[in-house]
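Fair warning: this is a prediction, and the values are worked out from it, not measured in the lab. A note on names: the letters A, B, ... follow the listed sequences, proteins ahead of strands, and every chain is numbered from 1.
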Number of protein chains: 2
Amino acid sequence: MQTLRERKKQRTRIALLRAALGLFTTRGYEETTVDDIAAAVEVSQRTFFRYFANKEEAAFAVQEMVEAYYVAAVRRRPPEEAPMEALRRAVLEGWDGLSEVVESVVPVELHLRMYRQVESTPSLLAAHLRRSAETEEKIARVLAEREGLDVDADPRPRLAVAVFGGVMRVTERQWSQGDDFSLAGIRELTVSYLEQVGPALTESWRQG
Amino acid sequence: MQTLRERKKQRTRIALLRAALGLFTTRGYEETTVDDIAAAVEVSQRTFFRYFANKEEAAFAVQEMVEAYYVAAVRRRPPEEAPMEALRRAVLEGWDGLSEVVESVVPVELHLRMYRQVESTPSLLAAHLRRSAETEEKIARVLAEREGLDVDADPRPRLAVAVFGGVMRVTERQWSQGDDFSLAGIRELTVSYLEQVGPALTESWRQG
DNA sequence: TGTCAATTGTCAGTGGCTGTCACTAGCCTC
DNA sequence: GAGGCTAGTGACAGCCACTGACAATTGACA
């Protein structure tokens, strides 16, 4: 980030991002046109599309950073940890480091509000799920490497990641529909649900 | 299906569906315009949108039937079966009854080809994942009812379904990327992966 | 300071999708 | 079986996401 040009670009990008997330979370995603976002930052619509391939990409730019952080966290986990435990700890690291990662671009609170917007907007939810699937693929590869396996020959890394991802999805969804919108709230829910998966799969649900 | 009007409508709908799936699987989803589909059936574009809310809906109309069949199969499972076992058997019933369900509208082979098209088309994959999430919600409610639980108070039904769904997604994906495109192929893969989840989560992956 | 390259704006066009309105063809009643 | 009713359709206009092309501008750097 040296030259004036580069600084200017960075500023435009962040301004577009902030304007986009701000409008998405207040007015709604579908109700916000790309023209609205561009106008808010006083650039042309064409310029918006030079920074983001599409409207959706702007919505997930921050999430992108968070996911990269999470994948890196998995990669950093000590190799003696069992796969599921590594995923568990990495996710918690993710929640703990979220503020730091996000705050450099937008206020955490805005990002958390965006999270809920995603859950309540069908097209965004669809995009989110596809992106999650991509992230899961990356993580499966990391796990496979840790364990010295070939992802394409052994289904276990992908299976484990998919199962874990399923739990995370339920967590996100329940959090976004509850009334505790804090970072601590979703962290707690993560811990709680991960504890309950095992029993939920093996033990009877009746007469607790 | 009595009056001439109704029969005509049904025929138009199926013609649109067949034309759509045909074009999607040969030319590709993004490469097929709604105008193309309408032209193939010799109706106006506006008419297409009177039968399907959007292009995506045409792509998933058959899948919709299959999923409804699957949900019904879960509902039919005897209540003494453990939740995961009920899901397992219902899915297998689903594969077994697929031909019958699908063939009334389009050839099974076309539907299976569409399945693969979905996996390789980002926008379709996203839509598919969101639709799967909706189906999982329905199934979680069925399971909860079976077990006499409140879905919103007890996370276990949703967790179990999400875990199971995760495995199914890996199955679909691997099947669509392999070279056995038969119905038997995906059925076998389903059985195989479901057998491997348990061990994958609990046992060590190292030194066989 | 002048040249070059990166960045941006403008314009025109495509495709998905919607509202409106007029028209036609099947349906139903008398 | 003639005529009115209405579902289904086509034609048209318009919005929005997105793209390609080209011209104008502005920072970089000799």
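Here A:Ser123 lies out of heavy-atom contact (under 4.0 Å) with every strand. Among the atoms of the strands shown, only primed sugar atoms or phosphate atoms (P, OP1, OP2) are found under 4.0 Å from some heavy atom of A:Thr33. Residue contacts shown for B:Thr47 are limited to sugar-phosphate atoms, with no base heavy atom under 4.0 Å away.
Using a 4.5 Å heavy-atom cutoff, the side chains of B:Val167 and B:Thr171 are in contact.
The separation between A:Phe49 atom CZ and D:dC18 atom P is 5 Å, rounded to whole Å. Here D:dC15 presents its C1' atom at 17 Å from CG of B:Asn54, a figure rounded to the nearest Å. The interatomic distance linking A:Phe52 (CZ) with D:dT19 (C1') rounds to 18 Å, in whole Å. Rounded to whole Å, the distance from CD on B:Glu6 to P on D:dT9 is 13 Å. Straight-line distance from the CD atom of A:Glu31 to the C1' atom of D:dC15: 14 Å, rounded to whole Å. In this structure, CG of A:Asp35 is placed 7 Å from P of D:dA17, rounded to the nearest angstrom. The CZ-C1' distance, from B:Arg11 to C:dG26, rounds to 13 Å in whole Å. Whole-Å rounding puts the A:Phe48 CZ to D:dC16 P distance at 15 Å.
With the nearest nucleotide of DNA chain C identified for both B:Gln45 and B:Lys8, B:Gln45 has the one nearer the 5' end.
Using a 4.0 Å cut-off between a side-chain N of Lys or Arg and a carboxylate O of Asp or Glu, B:Glu145 and B:Arg75 do not qualify as a salt bridge.
In the set C:dT10, D:dT9, D:dA17, D:dA17 carries the atom at the smallest distance from any side-chain atom of A:Lys55. The side chain of B:Arg50 lies closest to D:dG10 when the candidates are C:dG9, D:dG10, D:dC16. In this structure, the nucleotide among C:dC27, D:dT19, D:dG27 sitting nearest to the side chain of B:Arg5 is C:dC27.
Taking 4.0 angstrom as the limit, B:Lys9 places none of its side-chain polar atoms (N or O) nearer than this to OP1 or OP2 of D:dA7. In this model, the phosphate group of C:dT8 is approached by a side-chain N or O of A:Tyr51 to a distance below 4.0 Å at OP1 or OP2.
Just one of B:Ile186, B:Leu98, B:Thr25 meets the side chain to side chain contact (heavy atoms under 4.5 Å, CB included) condition when paired with B:Leu112; it is B:Leu98. Paired with B:Leu159 under the rule side chain to side chain contact (heavy atoms under 4.5 Å, CB included), one option of A:Leu194, A:Val163, A:Val170 passes, and it is A:Val170.
Checked by distance alone, B:Arg46 brings a side-chain donor or acceptor within 3.5 Å of a matching partner on the base of C:dG19.
For A:Arg116 and A:Phe181, the positive end sits near the middle of the six-membered ring, less than 6.0 Å away and at most 45° from its axis.
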